[in-house]
Amino acid sequence: MAMKSKVLIVGGTGYLGKRLVKASLAQGHETYVLHREEIGVDIEKVQMLLSFKQQGAHLVIGSFNDHQSLVKVVKLVDVVICAISGVHIRSHQILLQLKLVDAIKEVGNVKRFLPSEFGTDPARMENAMEPGRVTFEDKMVVRRAIEEAGIPFTYISANCFAGYFLGGLCQPGFILPSREQVRLLGDGNQKAIYVDEDDIATYSIKTIDDPRTLNKTVYIRPPQNILSQREVVQIWEKLIGKELLKSSISEQEFLAIMKDQDYAEQVGLTHYYHVCYEGCLANFEIGDGAEEASKLYPEVKYTTVEEYMTRYL
C-alpha cells in the first residue's frame, strides 16, 4: 500500500479547519497543524490545539509575516490544506494565501495544495454582484498564483455549509430553525446543495492522494442534498409535525434591504442572492476537468439533510 501523505493544515482551529484536522487524523495521515506563536490568552484556541496534540497531531509554529517560518514548516509535509476564513462576517483573509504559495513554490516538494475554497466555485462567478464578488475575485487571484507557480492543486467546491444554511432554513441571519414561521426567498424553488461540515472535511482529505483529483475542481454534490428552500422547510415541518407560517421576500425587496446593511453583511447577502434567487450552485452540469465527490467516494456515508436537521429537534 502506498504511503499516506503528510498533511499540513493552516487555519486548523477554525470552523472547517478543526474538522479537517480530525478527518486527516482519522484517515491515517501524519498531520501537522500550523499556529502562530502569539496566541495571547485565547484559551479556547490553546485547548483545541492541545486536544489535537493528544489525538496525535504535530503542532508547528509559523506566521504569514515570517516567510522562513512557512518554508520550514512546508518542508515537513507532502500536502498543504488551507482553511483560513473567507467569510466577511468573521474575517476575510483569502489573499494571505499568496504568502503560502510563495513558500510552497520555494520548497518545491508539495504534491498537492488545497487552498481555502470550500464554497461556490469562483470560476463560475465572473458575473457576481458587488460587493460579494470580492470573495470570488480574491480566490481567483490565489488560483492564478498557484497555477502560474506550477503547484499541483485540488479545488474543493463544497456549496452550502449545512450549519449556516439548514440551521436557519436558508434564511440569512438565522442559524436555528423556527417552529413557527419562515420567509421564503422568492418562490423558494431554486435548488441549492447542503453539505455537513464533517463530510466536507472527509471528502476533502480523500482527494489528497487521489490521482483522479489532481489539478481539478471537486464539487461536493450529495444527490439527496440537492434541494430547494421549500423542500428544506418541508423536511423540517415533517420532523416537527407542524406546518410553518410562510411569507416571501421578492428579489427587489431583498436587494433593497441588502443596500441598507454594512459592508460585511452585504457581501454575505450577495452570496445568498446568487444561491437562493439565481440557483448558481445547481444550475450547471459538472463538465470535463472536474469531479464529483460522492461519485468518487461512494464508501463515504454522507449525512442527508433530514439526518442533519434532527439535531435541532
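Keep in mind that what you see is a predicted model, and the values were worked out from it rather than measured.
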With clusters defined by side-chain heavy atoms of hydrophobic residues (ILVMFWY) lying less than 4.5 Å apart, directly or transitively, does Ile94 cluster with Leu20?
no
Approximate separation, where rounding is to 0.5 Å, of Lys6 NZ and Asp78 CG:
7.0 Å
Might you work through the side chain to side chain contact (heavy atoms under 4.5 Å, CB included) test for Leu281 and Cys160, ending with a clear yes or no?
CA-CA 9 Å; Leu281 299 179; Cys160 300; 3.4 Å; yes
Indicate whether any N or O donor in one side chain lies under 3.5 Å from an N or O acceptor in the other, for Glu137 and Thr135.
no
Using a strict cut-off of less than 4.0 Å between a Lys/Arg side-chain nitrogen and an Asp/Glu carboxylate oxygen, indicate whether Arg179 and Glu237 qualify as a salt bridge.
no
Is it true that the side chains of Ser24 and Thr31 contain a donor and an acceptor less than 3.5 Å apart?
yes
Spell out, yes or no, whether Ile9 and Val80 are grouped together once hydrophobic residues are joined by side-chain heavy atoms under 4.5 Å, including indirect joins.
no
Evaluate the criterion side chain to side chain contact (heavy atoms under 4.5 Å, CB included) for residue pair Ile257 and Gln261; output intermediate values, then yes/no.
CA-CA 7 Å; Ile257 290 169; Gln261 309 300 314; 3.7 Å; yes
Contact summary for Val79 and Val110, nearest pair of heavy atoms
CA-CG1, 4.5 Å
Using side-chain heavy atoms (C-beta onward) and a distance below 4.5 Å, is Leu49 in contact with Lys53?
no
Is the side chain of Gln97 donor-acceptor paired with the backbone N or O of Pro115 at a distance under 3.5 Å, no angle test?
no
Distance to the ring centre below 6.0 angstrom and angle to the axis at most 45 degrees; does that hold for Arg143 and Tyr155?
yes
Checking the side chain of Glu106 only, and the main-chain atoms of Ala103 only, is there a donor and an acceptor separated by less than 3.5 Å?
no
Counting C-beta onward and ignoring hydrogens, is there a side-chain heavy-atom pair between Gln181 and Lys246 closer than 4.5 Å?
no
Decide whether Phe113 and Leu16 are clustered together by the hydrophobic rule: side chain heavy atoms of Ile, Leu, Val, Met, Phe, Trp, Tyr closer than 4.5 Å, transitively.
no
Donor-acceptor contact below 3.5 Å, side chain Gln190 vs main chain Tyr277:
yes
Inspect the surroundings of NZ in Lys105 and state if more than 12 heavy atoms from other residues, nucleotides or ligands are less than 6.0 Å away.
no
Please check if the side chain of Ser248 supplies one atom and the backbone of Asp187 the other of a donor-acceptor pair under 3.5 Å.
no
Does one hydrophobic cluster hold both Ile156 and Tyr164, with members joined at side-chain heavy-atom distances below 4.5 Å?
yes
Any side-chain heavy-atom pair of Arg230 and Leu184 under 4.5 Å
yes
Tell me yes or no: between the side chains of Ser5 and Asp209, is some donor less than 3.5 Å from an acceptor?
yes
Donor-acceptor check, side chain of Lys216 to backbone of Arg212, threshold 3.5 angstrom: yes or no?
yes
Arg133/Glu126 salt bridge by N-O under 4.0 Å criterion
no
Pro222 and Val195, any side-chain heavy atoms less than 4.5 Å apart:
yes
Donor-acceptor pair, side chain of Thr154 and main chain of Leu114, under 3.5 angstrom
no
Shortest non-hydrogen contact from Pro152 to Leu214?
CB-CD1, 3.7 Å
Rounded to the nearest 0.5 Å, how far does CD of Glu265 lie from CG of Asp260?
12.0 Å
Are the side chain of Asn109 and the backbone of Val77 linked by a donor-acceptor contact shorter than 3.5 Å?
yes
Without hydrogens or angle criteria, can the side chains of Tyr32 and Glu30 be said to hold a donor-acceptor pair below 3.5 Å?
yes
Could you tell me if Glu197 and Tyr15 have a donor-acceptor pair between their side chains, going purely by distance under 3.5 Å?
yes
I want to know whether Phe165 and Tyr272 have ring centres closer than 6.0 Å.
yes
Enclosure of Lys22 NZ (heavy-atom neighbours >12, cutoff 6.0 Å):
no
Check: Asn65 main-chain N/O paired with Ser63 side-chain donor or acceptor under 3.5 Å
yes
OH on Tyr273 to CZ on Phe254, rounded to 0.5 Å:
9.0 Å
Report whether Ile193 and Val233 are members of the same hydrophobic cluster (ILVMFWY, side-chain heavy atoms less than 4.5 Å apart, transitive linking).
yes
For Ile175, I'd like to know if atom CD1 has over 12 heavy atoms of other residues, nucleotides or ligands within 6.0 Å.
no
Report the C-alpha separation of Glu292 and Ser294 in whole Å, then their side-chain angles, then the decisive distance to 0.1 Å, and conclude whether the side chain to side chain contact (heavy atoms under 4.5 Å, CB included) test is met.
CA-CA 6 Å; Glu292 196 285 308; Ser294 69; 2.6 Å; yes
Report yes if some heavy atom in the side chain of Leu76 is under 4.5 Å from a heavy atom in the side chain of Val60; otherwise report no.
yes
Between Arg19 and Asp198, is there a salt bridge with N-O shorter than 4.0 Å?
yes
If we count only N and O atoms by modelled type, under 3.5 Å, do the side chains of Tyr219 and Asp121 hold a donor and an acceptor together?
yes
Check each of Val10, Leu8, Ile205 against Ile81 using the side-chain contact (heavy atoms from CB on, under 4.5 Å) test, and report the only one that passes.
Ile205
Do other residues, nucleotides or ligands put more than 12 heavy atoms under 6.0 Å from Glu44 CD?
no
Lys191 and Ser228: which non-hydrogen atoms are nearest, and at how many Å?
CD-N, 3.9 Å
Does Arg221 count as lying over the ring of Phe284, i.e. NZ or CZ under 6.0 Å from the six-ring centre, within 45 degrees of the axis?
yes
Between Ile249 and Arg183, is there a side-chain heavy-atom distance shorter than 4.5 Å?
yes
Ring-plane angle category for His271 and Phe136, please: parallel below 30°, perpendicular beyond 60°, tilted otherwise.
tilted
So, do Ser178 and Trp236 sit near enough that their side-chain heavy atoms are less than 4.5 Å apart?
no
Can a donor-acceptor pair be found between the side chains of Ser250 and Glu253 at a distance below 3.5 Å?
yes
Is the backbone of Phe153 close enough, under 3.5 Å, to the side chain of Asn215 for a donor and an acceptor to pair up by distance?
yes
Main chain of Phe174, side chain of Gln171: is a donor-acceptor contact present, judged purely on distance under 3.5 Å?
no
Going from CD on Gln234 to NZ on Lys238, what distance comes out if it is rounded to the nearest 0.5 angstrom?
10.5 Å
Can you tell me how far apart CZ (Arg36) and CG (Asp42) are? Round to the nearest 0.5 Å.
9.0 Å
Hey, mind stepping through Ile220 and Phe118 against side chain to side chain contact (heavy atoms under 4.5 Å, CB included) and telling me if it holds?
CA-CA 9 Å; Ile220 306 180; Phe118 307 110; over 6 Å; no
How about Glu299: does its CD atom have over 12 heavy atoms from other parts shown lying under 6.0 Å from it?
yes
Minimum side-chain heavy-atom gap Asn159-Tyr194 below 4.5 Å:
no
Neighbour count above 12 (heavy atom, 6.0 Å) for Lys75 NZ
no
Result for side chain to side chain donor-acceptor pair (under 3.5 Å) between Asp196 and one of Asn225, Thr303, Thr304 points to Thr303
In Å and rounded to the nearest 0.5 Å, what is the CE to OG1 distance from Met125 to Thr270?
9.5 Å
Between Asp210 and Arg112, is there a side-chain N and carboxylate O pair less than 4.0 Å apart?
no
